[in-house]
Amino acid sequence: MSRPSTPEEARHVDKRPRLDLEEDVVDGTPDVQPETTVEATPAGAAREKAAKGPKKASKRKARKQKHTPPEPYSSEHVIWLEIQELLGESVIKAAEEDDRDWTAPFENKTELELTVSALSSTGESLSVAPAPYPPWVIITPTALPGETIRARVYRHGRLSSHADLIEVIKPNPELRDDTRVKCQYFTKCGGCQYQMLSYDTQLDLKRNVIVKAYRNFSDLPSSSVPTIQPTIGSPLQYGYRTKITPHFDRPLKKLQAQADGSKPDGFNVGFNRVGTRHVLDIEECPIATPVLNETLGPVRENIFKKFATYKKGVSLLLRESLAVSAKDVLGESSLGPEELATAIEQKICVTDHKGTILERVGDKFFEYTAGSFFQNNNSVLVPLTSYVRDAVFPADAPPDAQHRPTHLVDAYCGSGLFSIMLEPHFGVVRGIELSAEGIRASRANATLNAIPAEKISFLEGDAANIFATVQDFPRDRTVLIIDPPRKGSDEKFIGQLIGFACQTVVYVSCNVHTQARDVGMILRKSEAEMQGKKYVLESVRGFDLFPQTAHVESVAVLRLVDVAQS
């Protein structure tokens with residue numbers, strides 16, 4: 001749920017011509033990072049030097065130094081761990097010793113017939129190259145385990161190559177049903193990976209992503225990680241995205257405007273073609289809300305008419321909003337109750353980055369700037385916030401009021417979603433945010449929802465001491481919600497969290513891999529540094545905020561317990 005968690009919020013564009021890869025489900029681009037490389041171990045180099053002399057070893061060392069490690073917890077890092085798991089430790093070690101872990105056994109454009117072994121956490125398939133090739137993994141989009149496929153290689157990495165899917169020769173009928181696909185650009189646009197799967201299968205796959213994340217990144221014994229609960233689905237599986245950012249590249253000089261103002265040949269407005277930085281022309285996106293698709297057509301037509309005036313590429317914004325304003329909700333306009341009730345059900349599309357969005361979540365309203373962060377699947381926000389509420393106040397908790405949580409700290413509060421949605425259940429709520437813009441929005445939203453200032457407040461926190469403003473809160477009756485960016489928290493923040501020592505911590509994350517890392521750190525540091533107490537991981541559960549994609553959000557609940565009772 002955290003910033004950025006949506007298709008538009010974060011972009012990391014690689015300079016290689018074959019790739020345009022971004023964090024998250026990014027505007028028609030799969031959730032993978034730009035390809036980086038992994039430094040090999042020095043063992044093989046030492047043996048090479050002893051066998052072949054210092055000159056050859058020096059050349060080999062220079063070549064090895066060109067390989068830089070992937071960004072930790074990035075998709076490239078995640079896939080590398082899954083490649084290791086698929087090939088096995090002995091194969092990896094042998095390849096390193098023979099100095100062939102970076103030497104692909106085939107050239108670009110080689111076509112291979114493959115049997116898919118597994119799905120990666122990014123939704124791409126992993127296949128092992130057939131004999132007589134040495135063990136080497138082929139990474140291919142939109143193929144499923146057990147399927148026989150034909151793929152064309154286009155780029156190499158460490159013990160792996162990326163390839164385009166040419167055809168599915170033998171599909172997996174237990175998983176694949178292409179009649180489920182609702183987008184004509186599926187397999188071409190990089191935004192969705194799972195349209196051919198049943199929704200139950202998608203949810204199972206996303207649960208497995210969380211299982212693997214905690215196994216690979218938490219550094220916790222299996223006894224400390226509870227059974228990962230089934231993923232909670234989105235009420236809408238299509239037509240749910242309330243924000244899209246189609247884009248186009250700088251028009252080439254050779255392109256000619258059409259006399260009737262229609263689309264010029266070779267000029268595309270849409271999302272990135274899978275595995276490339278090239279824009280795929282897309283007239284409609286089935287996962288976007290109806291009002292966005294209704295607006296996309298006229299927006300495209302306007303661009304076609306004046307495309308020659310653009311000197312550079314542009315990223316557009318289409319964002320859904322209620323047709324009413326904050327003044328209407330506050331009763332400061334001429335709309336009567338019946339007119340307001342009718343107008344609230346109407347939606348409009350805002351295309352100005354600086355425009356104002358008004359959104360309703362349950363019985364609460366949120367206003368924010370169109371270009372700022374707010375979750376892009378409104379349909380799942382009530383289930384998500386209700387789940388957090390029920391985790392904080394479990395049904396089997398003691399009924400006595402003495403131990404019931406009374407204070408809420410919402411760190412990384414953004415526009416105040418959790419603070420405002422959970423406010424009725426607490427006596428005091430304090431939102432903390434490093435962004436001044438977020439604080440302004442959250443304060444305005446508290447006013448919009450008629451929450452008194454003595455009950456809820458939002459303060460701009462200092463990263464060096466983010467809990468300074470809540471030192472008077474009773475720790476045994478305080479709940480902390482953290483909803484950090486994709487990079488997660490850091491050791492300094494977690495040290496402050498341990499020092500604050502509140503009773504319950506709810507960690508909401510759009511990157512389960514950094515969440516697993518941070519949760520592991522919290523558990524270890526609490527056991528080492530707290531006197532007689534420690535945090536335990538009570539539950540972990542995924543939420544599907546982006547159906548048809550490989551992305552999954554995760555909610556982890558931690559409780560402070562007495563060591564003697566654990």
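Quick caveat: nothing in here was measured; it's all calculated off a predicted structure.
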Pair Cys349-Glu294, side chain to side chain contact (heavy atoms under 4.5 Å, CB included): steps then yes or no
CA-CA 9 Å; Cys349 178; Glu294 290 168 7; over 6 Å; no
Please answer whether the main-chain N or O of [Y] pairs with a side-chain N or O of [X] as donor and acceptor at a distance below 3.5 Å.
X      : Y      : value
Arg541 : Pro230 : yes
Gln193 : Pro141 : no
Thr231 : Arg207 : yes
Thr242 : Asn376 : yes
Thr276 : Asn272 : no
Lys206 : Thr549 : yes
Ser435 : Gly438 : yes
Asp410 : Ser419 : yes
Tyr240 : Pro547 : yes
Asp281 : Val269 : yes

Assess whether atom [atom1] of [X] is packed by more than 12 heavy atoms of other residues, nucleotides or ligands within 6.0 Å.
X      : atom1 : answer
Glu338 : CD    : no
Glu167 : CD    : yes
Lys327 : NZ    : no

Go through the steps for Asp204 and Thr201 under the test side chain to side chain donor-acceptor pair (under 3.5 Å), then give the verdict.
CA-CA 5 Å; Asp204 289 343; Thr201 298; 5.4 Å; no
Less than 4.5 Å apart, any side-chain heavy atom of [X] and any of [Y]?
X      : Y      : answer
Ile482 : Val506 : no
Phe426 : Val409 : no
Val116 : Thr140 : no
Val361 : Gln375 : no
Lys243 : Phe374 : no
Leu165 : Thr187 : no
Ser442 : Glu433 : no
Gln346 : Ile348 : no

[atom2] on [Y] to [atom1] on [X], rounded to 0.5 Å:
X      : Y      : atom1 : atom2 : result
Glu320 : Asn378 : CD    : CG    : 7.5 Å
Arg152 : Ile166 : CZ    : CD1   : 4.0 Å
Ile456 : Cys413 : CD1   : SG    : 8.5 Å
Arg319 : Asp352 : CZ    : CG    : 12.5 Å
Ser415 : Ile357 : OG    : CD1   : 11.5 Å
Glu460 : Arg443 : CD    : CZ    : 8.0 Å

Closer than 4.0 angstrom, basic N to acidic O: yes or no for Glu284 and Arg300?
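Result for this pair is no, no salt bridge flagged.
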How far apart are the closest heavy atoms of [X] and [Y], and which atoms are they?
X      : Y      : answer
Ile344 : Leu322 : O-CD2, 3.4 Å
Phe271 : Cys285 : CE1-CB, 4.2 Å
Leu358 : Val324 : CD2-O, 3.5 Å
Asn449 : Asp363 : OD1-O, 4.3 Å
Val350 : Ser321 : CG2-CB, 4.0 Å
Ala411 : Leu480 : CB-CD1, 4.1 Å

Return yes if a side-chain donor-acceptor contact under 3.5 Å exists between [X] and [Y], otherwise no.
X      : Y      : result
Asn511 : Tyr73  : no
Thr356 : Glu367 : no
Gln202 : Gln548 : yes
Ser234 : Ser379 : yes

If the test is side chain to side chain contact (heavy atoms under 4.5 Å, CB included), which one of Arg273, Lys263, His247 qualifies with Asn268?
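Result: among Arg273, Lys263, His247, Lys263 is the only option passing the side chain to side chain contact (heavy atoms under 4.5 Å, CB included) with Asn268.
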Please walk me through it: do Leu422 and Ile481 pass side chain to side chain contact (heavy atoms under 4.5 Å, CB included)?
CA-CA 11 Å; Leu422 300 179; Ile481 295 177; 3.5 Å; yes
Show your working on side chain to side chain contact (heavy atoms under 4.5 Å, CB included) between Val512 and Val540 and close with a plain yes or no.
CA-CA 10 Å; Val512 67; Val540 184; 5.6 Å; no
Check the orientation of Phe304 and Phe267. Use parallel for under 30°, tilted for 30 to 60°, and perpendicular for over 60°.
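If you compare the ring of Phe304 with that of Phe267, the planes turn out perpendicular.
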Using 30° and 60° as the class limits, which term best fits the ring planes of His425 and Phe393: parallel, tilted or perpendicular?
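Tilted, since the angle between the ring planes falls between 30° and 60°.
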Apply side chain to side chain contact (heavy atoms under 4.5 Å, CB included) to Met421 and Leu381, showing your working.
CA-CA 10 Å; Met421 293 297 292; Leu381 295 186; over 6 Å; no
Aromatic centroids of Phe493 and Tyr412 separated by under 6.0 Å
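Centroid separation for Tyr412 and Phe493: below 6.0 Å.
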Between Tyr387 and Phe543, is the ring centroid distance below 6.0 Å?
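They qualify: ring centres under 6.0 Å apart.
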